[in-house]
Amino acid sequence: MTGPWTEWDHVLKVDPDKDLVDGETFSDVCRTGTDAIEIGGTLDVTTDKMQRVVDACSRYDVPLYQEPSNPGVVIESDDLNGYLVPTVFNADSAFWVTGAHKEWVRIDGPLDWDRTTTEAYIVLNPDASVAELTEADTEQAADDVASFAAVAERMFGQEIIYIEYSGTFGDPAKVAAAQDALQTSTLFYGGGIGDYDTAYEMGRHADTIVVGDLLHDEGVDAVRETVKGVTDAHAETIAD
Ligand code: 1GP
């Protein structure tokens, strides 16, 4: 399992439907020190909005990935390093596990398979739009989360396991339990990372932290602090 994400400490998720902080540009966004930019959002995303962000970021070195919330917003662009496609392991309906994907492959296939990778989401904040949309069963104890992570890695060969608390800071014990269950997959954590300390805390358990709303709410300086937090946490883990 050797995707570039094995080297990522920090991912910045840009919602093409949300504005940047006044006075900031995508040039600033691309220079926060993040390892990759994921472009995606659950609501009101269109191909035009996606394209605008890709165009604005394509001049910089930071790898760019699209995270499509539905097949209708996928754009084809050489400026993209790839597509990270969510599949929700604790969704109520199989539609969000394989059903939407089946329709996509049928309509748009053959996909650009070499640049397409799935992310095995475990959605844990019941109030998040993604939880409502997928009717995720968010009542999962730490050992349930660990078990989902093991299933995703060992049975379904997922390279990326994504613990998603979008909008709120999650339970580090559940992230730690997932990490303990994994051998080689990369563990993403996203949700409520808002400063150095929260980035540091989740960075102690997750391989990669994903920062979203903070960019749109507080801006690039705050994002830079989260890069520092996770980098320090990982430096200490390696030293231990
Ligand atoms: C959302 O996991 C990401 O998909 C990040 O969450 O917006 O809460 O930072 P936040």
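What you see below is based on every heavy atom in this structure, not just the backbone, and it leaves out hydrogens, waters and symmetry mates. Counting starts at 1 for both ligands and their atoms, following the listed order. All residue numbers in this chain count up from 1 along the given sequence. These numbers were taken from a predicted model, which means no experiment stands behind them.
- Close approach of ligand 1 to G190 is summarised as follows: ligand atoms under 4.0 Å from at least one heavy atom of the residue are 2 (O).
- In terms of polar-atom proximity, defined here as any N/O pair under 3.5 Å, I193 makes no such contact with ligand 1.
- When only interatomic distances are considered, the shortest N/O to N/O separation between G167 and ligand 1 falls below 3.5 Å.
- Distance from atom 9 (O) of ligand 1 to its nearest protein heavy atom, with residue and atom name: G212 N, 3.0 Å.
- Annotation: atom 1 (C) of ligand 1 to nearest protein heavy atom, E164 OE2, 3.4 Å.
- In this structure, R52 does not pair ionically with D55, as no charged nitrogen and carboxylate oxygen lie closer than 4.0 Å.
- You'll find the side chain of T116 reaches within 4.5 Å of the side chain of V85, heavy atoms only.
- Those atoms of ligand 1 that come under 4.0 Å of a heavy atom in G191, given as number and element, are 2 (O), 5 (C), 6 (O), 8 (O).
- Inclusion of S166 in the set of residues having an N or O under 3.5 Å from an N or O of ligand 1 is not warranted.
- For the side chain to side chain contact (heavy atoms under 4.5 Å, CB included) criterion with T34, the lone passing option out of L12, I209, V29 is L12.
- Numbered from 1 in the order shown, with element, the atoms of ligand 1 that lie under 4.0 Å from a heavy atom of G192 read 8 (O), 9 (O), 10 (P).
- The side chain to side chain donor-acceptor pair (under 3.5 Å) test with H10 is passed by exactly one of T208, T226, T32: T226.
- The protein atom (non-hydrogen) at minimum distance from atom 7 (O) of ligand 1 is D213 N, 2.8 Å.
- Residue T168 places no N or O, backbone or side chain, under 3.5 Å from any N or O of ligand 1.
- Note on ligand 1: Y162 sits in its first shell, one or more heavy atoms being nearer than 4.0 Å.
- A salt bridge does not link K13 with D213: none of the charged nitrogens is closer than 4.0 Å to a carboxylate oxygen.
- At most 12 heavy atoms of other shown residues, nucleotides or ligands fall within 6.0 angstrom of atom CD in E7.
- The minimum heavy-atom distance between I122 and A149, with the atom names listed, is CD1-N, 4.1 Å.
- Between M202 and P172 the shortest side-chain heavy-atom distance falls below 4.5 Å.
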